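Structure record follows, encoded as structure tokens.
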Amino acid sequence: MNIIKRKFDTLVIGAGGAGLRAALQLSQADAKVAVVSKVFPTRSHTVAAQGGMNAALGNVTPDNWHWHMYDTVKGSDYLGDQDAIEYMCRAAPKTVIELEHFGVPFSRLNNGSIYQRPFGGQSQDFGGDQAARTCAAADRTGHAMLHSLYQQNIRAKTHFFDEFFAVDLLKNEKGDVLGAIAYDIETSEKIIIEAKTTLIATGGAGQLFRTNTNASINTGDGMAMALRAGIPLQDMEFFQFHPTGIAGKGMLITEGVRGEGGYLVNCEGERFMERYAPHAKDLASRDVVSRAIAIEIRDGRGCGPNKDYVMLKLDHLGSEVIMKRLPGIRDTSMTFLGIDPIEEPIPVFPTAHYTMGGIPTNRFGEVVVPIGTGVEEAIPGLYSAGECACASVHGANRLGGNSLLDIVVFGRAAGNHIIEFLKSHPNHQVLPEESINSALARLNRWENSPEQVNSPEQVNSPEYVDSPEQTNSPETSKNDSGETFTVPQLKAELQLVMETKCGVFRTEDVLAEGVIAVQLIKEKLNSTYITDHSSVFNTARVEALELENLIEIGLATVISALARKESRGAHSRVDYEKRDDESWMKHSLYFMEGNRLSYKPVRTKALTVDTFPPKERIY
Ligand SMILES: Cc1cc2nc3c(=O)[nH]c(=O)nc-3n(C[C@H](O)[C@H](O)[C@H](O)COP(=O)(O)OP(=O)(O)OC[C@H]3O[C@@H](n4cnc5c(N)ncnc54)[C@H](O)[C@@H]3O)c2cc1C
């Protein structure tokens, strides 16, 4: 087979904060590291993170990692694993200082120490007064972090494959992962990257929903690769809807706005969060605020001609605070709405934001799979970190500011574990040809038009290219009933189904309709092709591969949501309103083969401190 092969100690798939932090750890330890990214590294979604990163530095209010841990466990609605949460919260302060030394220009207090803003779900002294725990670089924290991490990687001589699309993992019969096949988006060249260890850090899947805050590249590719490799996805029913996306458009207005003193009002001008969360008000955790907005609108207290959004008011903060602490938000609002928030409130609505579920890992970033009832085992040499992974520190609901923390803490931890693994596994394993063939088959599927499939001579004739009437429009095909689809149409259909059948509030009937609808979309995909190869860019093929991935993630999400008959965190079942710890304090695991679910216990035992037992969540 005539494909370029390259060999590395570690293949990192994804150049967001998680991938870059892991790669840096490895390159600094002289491991030979390849980072593959489908976009130039500094365009990864981490760049868009606004509000900041949590760490109990105590620069503004008294603070303590143990309080941070309590808030995270409570925020997770007791589904988070307490060993991983303890590890993350303890590591947070030194992680921020390390980033500062890498060059992240954090905002400052007058005394020179790092500025910290209050964020949702943060408290002092285990549920007491509001804490200010989020370290920020104005409202462009992710931008500052990603650029610093990229520069450090260049300095450490990490090898980058920029604008390469990872198609599938490569495995041997034992199930060990030995690298991946990637596709050069510019030239169509395929490359086999063989690696002794592989880290999946491909970010979230916000593109599942029509209105979302995510970059168009957030299509859950790594999670789908894991599914195809036989690895289950954990807790996929928990998808976070951020309370304040720009109404109808989805762009994020950071929680930092409410941290700085902004608040939500309904059409009566009422600050309604006082009714839902008397203590924390607008800084209750995200699931609580999103539900409150949805109820206000449902009960006819929405704003605007269609009463379909609420207002985020910040004009009372004054222009100085807005220009200094929230300049990006002002830009976003003026660009997309023509509204200057110094003068007027911003119309907002809950928007799909963050994938709490993902590839199951332990706190070292090792991918773990069940090998019997209640017993799990790490897959040797396979790691995952960042939004695509499920450690699980966010459980059923992530706290704002905890993801930027998660990606650097577990990116670093995975890097360290890989360094140790490489010491005892110095050699590459033999890569079986079958594994390469099946990954290539998936890629080739989108290089063949229906005409090639049905009558190869037709596609080679010049008439085929020159007379469009002979073919369907680009990326179009016919299914059995003669309907035609395009990749973008099918994606839009999937996004609408997910938004309407698996949104903020869920019920049995609607979720069941969702499962059938996504299955139908999957069937339609089978008869969709890219037809006009003379004029499409490789990006059209990449979009087709991404759609395949999204459909698998959509199925995982809606099937897991249908099965969970309780309300916990972001998963709100109208027909099962209460959390049910007796039956459901467990993680779900979705397997692609047979669309099967199994469950595993929550790791409630912390590392050094007492477990926080489940309590009713009141903010
Ligand atoms: C608008 C917005 C604001 C946010 N603000 C905050 C905040 O203030 N605080 C906070 O804690 N969290 C915030 N979050 C969440 C947080 O930013 C993300 O969860 C986090 O940055 C994800 O990092 P990551 O490294 O896991 O993935 P990403 O940064 O998404 O990077 C994924 C990488 O994988 C690569 N990739 C994906 N698929 C493939 C493939 N098939 N082949 C090759 N490469 C691939 C991409 O090219 C990219 O390099 C925000 C999220 C959004 C969307």
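When reading the values below, keep in mind they use all heavy atoms of this one structure, side chains included, and skip hydrogens, waters and symmetry mates. One-based numbering, in listed order, for ligands and for the atoms of each. Just so it is clear, the model here is predicted, and its values are computed rather than measured.
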Worksheet item: When you measure from atom 21 (O) of ligand 1 to each heavy atom in Ile217, Ile13, Thr46, Val167, which option holds the nearest one?
Response: Thr46
Discussion item. Using a 4.0 Å heavy-atom cut-off, which part of Glu255 comes near ligand 1: side chain, backbone, both, or neither?
Written reply: neither
Worksheet item: Any idea which part of Val39 is under 4.0 Å from ligand 1, heavy-atom wise: side chain, backbone, both or neither?
Response: both
Worksheet item: Which option out of Gly14, Ala18, Ala15, Ser37 puts a heavy atom nearest to atom 25 (O) of ligand 1?
Response: Ala18
Worksheet item: Who's the nearest protein heavy-atom neighbour of atom 44 (N) of ligand 1, and how far?
Response: Lys38 N, 3.0 Å
Worksheet entry | Best match, Gly16, Gly19, Cys388: closest heavy atom to atom 31 (O) of ligand 1 | Gly16
Worksheet item: Taking C-beta and beyond as the side chain, do Asn153 and Phe160 meet within less than 4.5 Å on heavy atoms?
Response: yes
Worksheet item: Are His394 and Tyr354 near enough that their ring centres are under 6.0 Å apart?
Response: yes
Worksheet item: Does Ile407 come within less than 4.0 angstrom of ligand 1, counting non-hydrogen atoms of the residue?
Response: yes
Practice prompt. Measure across Arg286 and Gly400 and return the closest heavy-atom pair with its distance rounded to 0.1 Å.
Written response: NH2-CA, 3.2 Å
Fill in: Partners meeting side-chain hydrogen bond (donor to acceptor under 3.5 Å, both in side chains) with Thr197 (sequence neighbours left out)
Thr10
Worksheet item: Got the closest protein heavy atom to atom 16 (C) of ligand 1, with its distance?
Response: Ser403 OG, 3.5 Å
Discussion item. Under 6.0 Å between ring centres: does that hold for Phe8 and His159?
Written reply: yes
Worksheet item: Is the side chain of Gln207 donor-acceptor paired with the backbone N or O of Ile217 at a distance under 3.5 Å, no angle test?
Response: no
Worksheet item: Strictly by modelled atom types, are Gln240 and Asp287 linked by a side-chain donor-acceptor pair under 3.5 Å?
Response: no
Worksheet, complete the sentence: Nearest non-hydrogen contact to atom 15 (C) of ligand 1 from the set Glu546, His394, Arg398 belongs to Arg398
Discussion item. Check whether Thr61 reaches the backbone of Ala131 with its side chain - one donor and one acceptor, N or O, closer than 3.5 Å.
Written reply: no
Practice prompt. Determine, using heavy atoms of Gly401 and all atoms of ligand 1, whether some pair is separated by less than 4.0 Å.
Written response: yes
Discussion item. Closer than 4.0 angstrom, basic N to acidic O: yes or no for Asp331 and Arg140?
Written reply: yes
Fill in: Numbered atoms of ligand 1 (with element) below 4.0 Å of Tyr354, judged on heavy atoms
19 (O)
Worksheet entry | Aromatic contact, His68 with Tyr70 (centres under 6.0 Å) | no
Worksheet item: Got the closest protein heavy atom to atom 9 (N) of ligand 1, with its distance?
Response: Gly52 O, 2.8 Å
Worksheet item: Just heavy atoms, cut-off under 4.0 Å: does Phe164 contact ligand 1 by side chain, backbone, both, or neither?
Response: backbone
Worksheet entry | Where ligand 1 meets Asn214 - atom numbers and elements under 4.0 angstrom, heavy-atom basis | 53 (C)
Practice prompt. Could you list the atoms of ligand 1 found under 4.0 angstrom from a heavy atom of Gly51?
Written response: 7 (C), 8 (O)
Practice prompt. Measure the distance from atom 42 (N) of ligand 1 to every protein heavy atom, then report the residue, atom name and distance (to 0.1 Å) of the closest one.
Written response: Ala166 N, 2.8 Å
Worksheet item: Between the candidates Gly358, Ala205, Ala49, Ser44, which shows the shortest non-hydrogen contact distance to atom 13 (C) of ligand 1?
Response: Ala49
Practice prompt. Assess whether atom CZ of Arg155 is packed by more than 12 heavy atoms of other residues, nucleotides or ligands within 6.0 Å.
Written response: no
Worksheet item: Has the side chain of Asp77 got a donor or acceptor atom that lies under 3.5 Å from a matching backbone atom of Ala396?
Response: no
Worksheet item: Looking only at non-hydrogen atoms, which of Arg21, Glu387, Arg43 approaches atom 19 (O) of ligand 1 most closely?
Response: Glu387
Response to the item:
With heavy atoms and a 4.0 Å threshold, my read on which part of Ala201 contacts ligand 1 is backbone
Worksheet entry | Top protein contact for atom 3 (C) of ligand 1, by heavy-atom distance | Leu252 CD2, 3.2 Å
Worksheet item: Among the heavy atoms of Met53, does any lie under 4.0 Å from an atom of ligand 1?
Response: no
Fill in: ligand 1 contacted by Thr141 (non-hydrogen, < 4.0 Å)
no
Response to the item:
Short version for Asn402: what comes under 4.0 Å of ligand 1, heavy atoms counted, is backbone
Practice prompt. Please state whether the rings of Phe40 and Tyr150 are parallel, tilted or perpendicular, taking 30° and 60° as the class boundaries.
Written response: perpendicular
Worksheet item: Counting from 1, what ligand 1 atoms have a heavy atom of Thr213 closer than 4.0 Å?
Response: 1 (C), 53 (C)
Worksheet item: Sequence neighbours excluded, which residues qualify as side-chain hydrogen bond (donor to acceptor under 3.5 Å, both in side chains) partners of Arg412?
Response: Glu98
Practice prompt. Check ligand 1 against Gly386 and write out every atom of the ligand that is under 4.0 Å from a heavy-atom position of the residue.
Written response: 26 (O)
Worksheet item: Would Trp67 and Gln122 count as having a side-chain donor-acceptor pair, cut-off 3.5 Å?
Response: no
Fill in: Gap between atom OG1 of Thr254 and atom NE2 of His242 - 0.5 Å precision
6.0 Å
Fill in: Nearest neighbour in protein (non-hydrogen) for atom 50 (C) of ligand 1
His353 CE1, 3.7 Å
Discussion item. Can you report which non-hydrogen protein atom sits closest to atom 38 (N) of ligand 1, along with the distance?
Written reply: Asp221 OD2, 3.1 Å
Item to complete: Tell me, please: is Gly17 in heavy-atom contact with ligand 1, that is, under 4.0 Å?
Response: yes
Discussion item. Quick check: Phe209 with Phe241 (ring centres under 6.0 Å apart)?
Written reply: yes
Discussion item. Please list the nearest protein heavy atom to atom 51 (C) of ligand 1 with its residue and the distance rounded to 0.1 Å.
Written reply: His45 NE2, 3.3 Å
